[in-house]
Colleague: 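Here it is, the structure, as structure tokens.
The model shown is predicted, which means the values in this text are computed figures rather than measured ones. Lettering follows sequence order; numbering is per chain, from 1.
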Amino acid sequence: MPCLSIAMSSALPRPVASTPLVALPSSTDALQRIRHTCAHILAMAVQRLFPEARVTIGPWTDTGFFYDFDCPTPFVAEDLKRIATEMRRIIRADLPIIQETVERESLKAELERLNEPYKLEILDRIPPGEPVTRYFIGSPDVGRTQHPEAEPSLIEPLPIAPQESWWDLCAGPHLSRTGEIHPKAFALESVAGAYWRGDETQAQLQRISGTAWETPEQLQAYLTQQEEARRRDHRKLGKALKLFSIEEAAGGGLVFWHPKGARIRRVIEDYWRQAHTDAGYELLFTPHMANLELWKTSGHFDFYREGMFEAIAVEEQAYQLKPMNCPFHVLTYQHDLHSYREFPLRWAELGTVYRYERSGTLHGLMRVRGFTQDDAHVFCLPDQVTAEILGVLNLTERILSDFGFHDYEVNLSTRPEPSVGSDEIWDLATQALMNALQIKGWQYQTDEGGGAFYGPKIDLKIRDAIGRLWQCSTIQVDFNLPERFQMQYVAADGSRQRPIMIHRAIFGSLERFFGILIENYAGLFPLWLAPVQVKLLPVGESQHDYSSQVVQQLKQLGFRAELDVSAIAWVK
RNA sequence: GCCGGUGUAGCUCAGUGGUAGAGCACUCGAUUCGUAAUCGAGCGGUCGUGCGUUCAAAUCGCAUCACCGGCUCCA
């Protein structure tokens, strides 16, 4: 298709972000202090307005801060406005913030008096011998002001008295006065549920989140960036551009690709197949379900059962909708006896898998229950691992850069506890991953103990047009499946040996990657991906027939062309 | 799954107990008008679903489904 190569020429203009984005400072010490202090001011404001609220934790985050409260009355959107107003009063009062190292027992008594059970729990967990500090907003001389219990709705913000004081058990650091925060450089963003200690069996708390910056300009830039992210939301664009839908009648997390979205998917898939054939892969197709025994053998049933759908009864046998493709590739491998001479075997499949995701976690194309992995497995010898991983890195780079992603963050995850396999083989695999990264010349961070139980891995996060990171590609060395399935090959000396298996995906999930593409390009796809590449607009009925002919010719040349007759209404 | 919110026309939304609305889109007609939004008419909804309260329910109650913001989870 000659026209396709024209369409893919890099000389063609690429869509750029329509809104120039202001560079925001990353998390500096000054910002951390601002945000941490904001969290305290938030908690003070909440307890002034809702004396029945109990405080828990309130850290800084990448863009701001949050504080979790245990409060019997649910906070609503209007409350956030009142709380923010109250926070500004505390800021404008320019109260001093004073650190104090305290004696454990007296603090404990005081927390008991204040009825702050969560803080007591935190205090109890501070290792003995470690100093315990608290931070006052206002003067420490008066202790913490207690506000009378009252109906929250009846409480008017009280004037901040000069002797007003509030404190929180906290390691810091903080600013030295509330007035160091610009009253127009923070904003409360949302209230949402959260669990005490992030554990769903523990008390359900209410989390108030906010954002805070050094200057109002930075806040504005951040809010503009948020606005830009909302504008690019793939759920919104997907609907507007008629790319895909999720049908309530069918169920959550199941994606319907409409004609225009399906055109893009086909371009992506065709490209992917070609790239993989070029890189020495064979393509497989495997079923969507299989006997549950297979998943017991693979270990998925034991380790990841909660992510699998319930089994389906088939004539007294239990069948399982596949949550992963790997066991199928292993079965394909085992159908024949393999020689070391065949290695490396590279088998790829666009395999659709189904995983049970809890209803509250579904999110457009980003988190679904049925999705297509661009999965592949490489079976090879120990001394081929480095070269194979390097090959995967090269292919990954080629593919991602063709989709406009040139900036990655790379993570190497090493052996966790517990895990399977000998130290020797872990060292070999980890070293192979590191060698490949070194030859490739990629900077990476090491996540000690972050690997899968069956082997170490490399993860790639791509940076999109507005600076967000998305984890897509993953390369994993696996010792578990070859062992569990007792995979073999015939070595040069005629003995039977265990092959090494590498799992890898470049897009990860085709659905999710499509969502990322929509957001990255803000719906303005480059020509080679665009669902409509050429649109003809005849201005009069007399040109209609000729225009149709031209559209037909363009289509025959491989262009995605359309006739737009809406202009014809003008001239009859 | 949990907490809070939302669900009304293809889209964006108004309508809090008394005969379902607007703008855009779409269809038809008029208008030859130079960068999205000319004028008129028309089409279009069992108000997410079910049960209940009531003389009367989009509106109140219960249940349920989906979506949104988070939590949790993510092989």
Colleague: Scan every strand shown for a Watson-Crick or G-U wobble partner of U54(B), both distances under 3.5 Å, and answer none if you come up empty.
Modeller: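 None - no nucleotide pairs with U54(B), as no candidate has both distances under 3.5 Å.
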
Colleague: Check the distance between G5(B)'s P and Gln206(A)'s CD and give it to me in whole angstrom.
Modeller: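 Atom-to-atom, Gln206(A) to G5(B), this comes out as 10 Å.
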
Colleague: Should G17(B) form a Watson-Crick or G-U wobble pair with both distances under 3.5 Å, which nucleotide is its partner?
Modeller: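 G17(B) is paired with nothing.
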
Colleague: Out of the candidates Gln476(A), Lys457(A), His377(A), His329(A), only one should pair with His503(A) under the side-chain hydrogen bond (donor to acceptor under 3.5 Å, both in side chains) rule; please name it.
Modeller: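 Output: one option passes, namely His377(A).
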
Colleague: For atom P, what is the distance between U27(B) and G4(B), given to the nearest Å?
Modeller: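 Straight-line distance between the two P atoms is 46 Å.
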
Colleague: Ile208(A) has an atom CD1; how far is it from atom C1' of C3(B), in whole Å?
Modeller: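 Interatomic distance, CD1 of Ile208(A) to C1' of C3(B): 13 Å.
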
Colleague: Quick one: salt bridge (Lys or Arg N to Asp or Glu O under 4.0 Å) partners of Arg369(A), sequence neighbours excluded?
Modeller: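 Partners of Arg369(A) by the salt bridge (Lys or Arg N to Asp or Glu O under 4.0 Å) criterion come out as none, since no residue qualifies.
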
Colleague: In the structure shown, which nucleotide is the Watson-Crick or G-U wobble counterpart of A9(B), with both distances under 3.5 Å?
Modeller: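 By the stated definition (distances under 3.5 Å), nothing pairs with A9(B).
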
Colleague: Rounding to an integer number of angstrom, what distance separates G50(B) and U46(B) when you compare their P atoms?
Modeller: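 It comes out at 12 Å once rounded to the nearest Å.
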
Colleague: What about Phe50(A) and Phe69(A), are their ring centers closer than 6.0 Å?
Modeller: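 No, they do not, as the ring centres are separated by 6.0 Å or more.
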
Colleague: With distance as the sole criterion, is a donor-acceptor pair present between the side chains of Gln373(A) and Asn325(A) under 3.5 Å?
Modeller: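 Present: a donor and an acceptor within the cut-off.
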
Colleague: Both distances under 3.5 Å, Watson-Crick or G-U wobble: report the partner of U38(B), or none.
Modeller: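 Matched U38(B) with A30(B) under the 3.5 Å cut-off.
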
Colleague: List the residues meeting salt bridge (Lys or Arg N to Asp or Glu O under 4.0 Å) with Arg484(A), not counting sequence neighbours, and say none if there are none.
Modeller: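 Here no residue qualifies.
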
Colleague: Going by the salt bridge (charged side-chain N to carboxylate O under 4.0 Å, His left out) test, which pairs reach into residues 501-516 of chain A, not counting sequence neighbours?
Modeller: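 Non-adjacent pairs meeting salt bridge (charged side-chain N to carboxylate O under 4.0 Å, His left out): Arg265(A)-Glu511(A).
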
Colleague: Can you tell me, in whole Å, how much space there is between the P of U12(B) and that of C74(B)?
Modeller: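 Rounded to whole Å, the distance is 34 Å.
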
Colleague: Could you let me know what G4(B) is paired to, Watson-Crick or G-U wobble, both distances under 3.5 Å, or none if it's on its own?
Modeller: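 Looking at the geometry, G4(B) pairs with C68(B).
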
Colleague: Spell out protein contact along nucleotides 67-75 of chain B as letters: B when the base is contacted, S when just the sugar-phosphate is, - when no protein heavy atom is under 4.0 Å; keep the 5' to 3' order.
Modeller: SSBBBBBBB

Colleague: What is the distance, to the nearest angstrom, from the CG atom on Asp70(A) to the P atom on G4(B)?
Modeller: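 Computing the Asp70(A):CG to G4(B):P distance gives 13 Å.
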
Colleague: For atom C1', what is the distance between U16(B) and C47(B), given to the nearest Å?
Modeller: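 So the two C1' atoms sit 14 Å from each other.
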
Colleague: Which nucleotide, in any strand shown, forms a Watson-Crick or G-U wobble pair with C43(B), with both distances under 3.5 Å?
Modeller: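 Base partner found: none.
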
Colleague: Using a strict cut-off of less than 4.0 Å between a Lys/Arg side-chain nitrogen and an Asp/Glu carboxylate oxygen, indicate whether Asp423(A) and Arg415(A) qualify as a salt bridge.
Modeller: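 A salt bridge links Asp423(A) with Arg415(A).
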
Colleague: Sticking with atom C1', work out how far C13(B) lies from G45(B), rounded to a whole angstrom.
Modeller: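 Looking at atom C1' only, C13(B) and G45(B) are 14 Å apart.
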
Colleague: Answer yes or no: is there an ion pair linking Glu562(A) with Arg263(A), defined by an N-O contact shorter than 4.0 Å?
Modeller: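 Salt bridge present between Glu562(A) and Arg263(A).
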
Colleague: Where the side chain of Asp374(A) meets the backbone of Gly508(A), is there a donor-acceptor pair that is under 3.5 Å apart?
Modeller: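 A pair under 3.5 Å: yes.
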
Colleague: Salt bridge (Lys or Arg N to Asp or Glu O under 4.0 Å) with Arg498(A): which residues, sequence neighbours excluded?
Modeller: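 Arg498(A): salt bridge (Lys or Arg N to Asp or Glu O under 4.0 Å) contacts with Glu483(A).
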
Colleague: Mind listing the N/O atom pairs, protein and nucleotides 43-48 of chain B, below 3.5 Å?
Modeller:
none

Colleague: U19(B) and A56(B): how far apart are their C1' atoms, nearest whole angstrom?
Modeller: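 Roughly 12 Å separates the two C1' atoms.
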
Colleague: Who is the Watson-Crick or G-U wobble partner of U59(B), with both distances under 3.5 Å?
Modeller: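 Base partner found: none.
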
Colleague: Rounding to an integer number of angstrom, what distance separates G42(B) and G21(B) when you compare their P atoms?
Modeller: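 Roughly 13 Å separates the two P atoms.
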
Colleague: Measuring only the P atom in each nucleotide, how far is G61(B) from G18(B)? A whole number of Å is fine.
Modeller: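 Rounded to whole Å, the distance is 16 Å.
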
